[in-house]
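Since the structure is predicted, the reported quantities are computational estimates derived from the model, not experimental observations.
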Amino acid sequence: MAESDSGERSEQATPKRQKEAREKGQVARSKELTTALLLITASVSLYSFSGTMGTGFANMAKKAFSPDQKSIFTDKMMVASLGELMGEVIWAVAPFFFVLFVLALCSPLLTGGLSFSAKAFKPQANRMSPAKGFKRMFGTHALVELLKALAKVSVVFVVGYFVMTMVFPDLVTLGTGSANAGIGQAMNLVTRSFFLISLSLLIIALIDVPYQIWSHAKQLKMTKQEIKDEYKEMEGKPEVKGKIRQLQREMAQARMMDAIPDADVVVTNPEHYSIALKYDPIRSSAPIVVAKGVDIIAMQIRKVAIANDVAIIEAPPLARAIYHTTEIDSEVPDGLYLAVAQVLAYIFQLKSFNQGKGARPKPIKDLPIPENLKH
């Protein structure tokens, strides 16, 4: 049962998976929305520029059907006249096609956003597989596309029928007026019909957009095992992380051992705890713990201290209190100042005695440890 669950794509795509899909050019796209917007914009633009376009076409028609006699019998004049006519046509329709061009670039932003990926142009072996090609031809996606095509044809046919019924009387009267009036009226009829038919495609687009978003999210869904593998890849395998932590501990321990020879005193339990202290009034206002450890580490601290003639003093309550309250390279807490000061004073007096500069100090007894710091 666990294997079945782990192989089922039931989990939403992670941000990493979504980013990788976008880099490959896999984003939600609705061709129906793009088509509907292009056609609606084209009809609105056609209406907006119909006057300019109609005037341009009328001027072109007049020049084309009433040529100058010289241009008829002169080759160069014919070419120049043709170029002039083409220029007028291009100038008349240029704003219309410019608006369509801008919309074609911006319309994808409404669904999947702007995305350009060079990976999408690379040849992929799975696209050349006959078996997968057959599956695409007769799969769910192909069926949905077929249903959308049938729906578009049906909607456009029904709307087109009603539009043609509505504008048919005006079509019959087009030839009864002047050329300019006829061209203007024709442009108006084409624009209205085009706009109404284009609006009908929004019905398909409004259904297609949620479907494309849902379909894209479904394609990116992941199995629980894929999410676990991705997490391991991002965070690192437990074995590698454990090895890194071990190396970090070893490096910290090595630095700690290197600091013991410069310590003033090592306070012990005497067997389980060892704390190395150093007091430098120039650098800090209180003694600093340069090394600490229990059991084997405590034993190594004592060995290093003995090898470097660092004084060792047994003070079990103080050793436990410092170990549990103070981190390495940190000052001892305020409540232990007096006890630590007595230990350091004893060590300094003992060094002076060993150098023949004073009396032997009395052994330390009953160091003052606050109740809230005792362990």
Side-chain angles (χ1 to χ4, degrees), residues 231 235-355 358-375:
Y231 177 79
E235 299 294 328
K237 294 183 178 180
E239 300 83 3
V240 177
K241 294 174 66 177
K243 186 65 176 178
I244 292 174
R245 285 194 294 266
Q246 180 183 351
L247 292 175
Q248 291 173 340
R249 287 194 297 268
E250 291 177 354
M251 293 172 63
Q253 182 176 333
R255 290 194 301 269
M256 183 179 69
M257 294 300 175
D258 291 339
I260 295 173
D262 296 327
D264 294 316
V265 63
V266 172
V267 183
T268 66
N269 193 33
E271 295 180 357
H272 298 294
Y273 295 87
S274 291
I275 313 295
L277 299 173
K278 180 177 178 59
Y279 179 54
D280 185 354
I282 298 177
R283 297 178 56 188
S284 60
S285 59
I288 296 176
V289 176
V290 296
K292 71 175 187 176
V294 295
D295 299 330
I296 297 176
I297 304 299
M299 186 182 300
Q300 291 178 351
I301 291 174
R302 290 193 294 271
K303 287 181 179 180
V304 175
I306 293 172
N308 291 274
D309 296 325
V310 178
I312 299 176
I313 185 171
E314 295 182 8
L318 180 59
R320 291 195 297 269
I322 296 176
Y323 181 85
H324 290 289
T325 60
T326 312
E327 297 296 330
I328 297 174
D329 294 329
S330 300
E331 297 180 355
V332 296
D334 299 349
L336 298 177
Y337 278 0
L338 182 56
V340 173
Q342 292 182 16
V343 170
L344 290 175
Y346 172 78
I347 295 302
F348 295 150
Q349 292 174 8
L350 185 61
K351 287 182 179 180
S352 298
F353 170 75
N354 292 334
Q355 295 173 0
R360 176 186 290 274
K362 295 180 180 180
I364 299 176
K365 295 181 180 180
D366 300 328
L367 291 171
I369 309 295
E371 288 296 330
N372 61 322
L373 298 178
K374 287 183 178 180
H375 289 271

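- Rounded to the nearest 0.5 angstrom, N269 CG and E314 CD are separated by 9.0 Å.
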Query - side chain to side chain contact (heavy atoms under 4.5 Å, CB included) assessment of I322 paired with V340 - result: CA-CA 10 Å; I322 296 176; V340 173; 4.1 Å; yes
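- N308 places no side-chain N or O within donor-acceptor distance of the main-chain N or O of V310, the cut-off being under 3.5 Å.
- Taking every heavy atom of both residues into account, I260 and A276 meet most closely at CG1-CB, 4.5 Å.
- Atoms CD1 and CG, on I347 and D264 in that order, are 9.0 Å from each other to the nearest 0.5 Å.
- Under the side-chain contact (heavy atoms from CB on, under 4.5 Å) rule, I312 has a single partner from V265, V267, V266, which is V266.
- Closest heavy-atom contact between S284 and Y279: O-CE1, 4.2 Å.
- Here OH of Y346 is found 6.0 Å from CD1 of I313. Values are rounded to the nearest 0.5 Å.
- If you run side-chain contact (heavy atoms from CB on, under 4.5 Å) between L277 and each of I288, V290, V332, only V332 comes through.
- Nearest heavy atoms, P368 versus A339: O-CB, 3.6 Å.
- K278 places a side-chain N or O within 3.5 Å of a backbone atom of D262 that can act as its donor or acceptor partner.
- Contacts classified as side chain to side chain donor-acceptor pair (under 3.5 Å) and involving residues 295-305 (residues at least two apart or in different chains) are given here: Q253-Q300, H272-D295, S274-R302.
- Within a 6.0 Å radius of CD1 in I296, other residues, nucleotides and ligands contribute 12 heavy atoms or fewer.
- Interatomic distance, CD of Q342 versus CG of L338, reported as 4.5 Å (0.5 Å rounding).
- In this structure, S352 contributes its side chain and F348 its backbone to a donor-acceptor pair below 3.5 Å.
- Residues P370 and L336 come closest through the heavy atom pair CD-CD2, 4.2 Å.
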Query raised in the report: After noting the C-alpha distance and the side-chain angles of H324 and L373, does the key distance pass the side chain to side chain contact (heavy atoms under 4.5 Å, CB included) rule?
Result: CA-CA 8 Å; H324 290 289; L373 298 178; over 6 Å; no
**Report entry** Evaluation steps, side chain to side chain contact (heavy atoms under 4.5 Å, CB included), between I328 and M256
**Finding:** CA-CA 8 Å; I328 297 174; M256 183 179 69; 3.4 Å; yes
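- T326 and E331 get closest at one heavy-atom pair: CG2-O, 3.4 Å.
- Crowding of M257 atom CE: a count of heavy atoms from other residues, nucleotides or ligands under 6.0 Å exceeding 12.
- One distance of note links NZ of K292 with CG of D329; it measures 11.0 Å at 0.5 Å rounding.
- Closest of all the heavy-atom pairs between P261 and D258 is CD-O, 3.3 Å.
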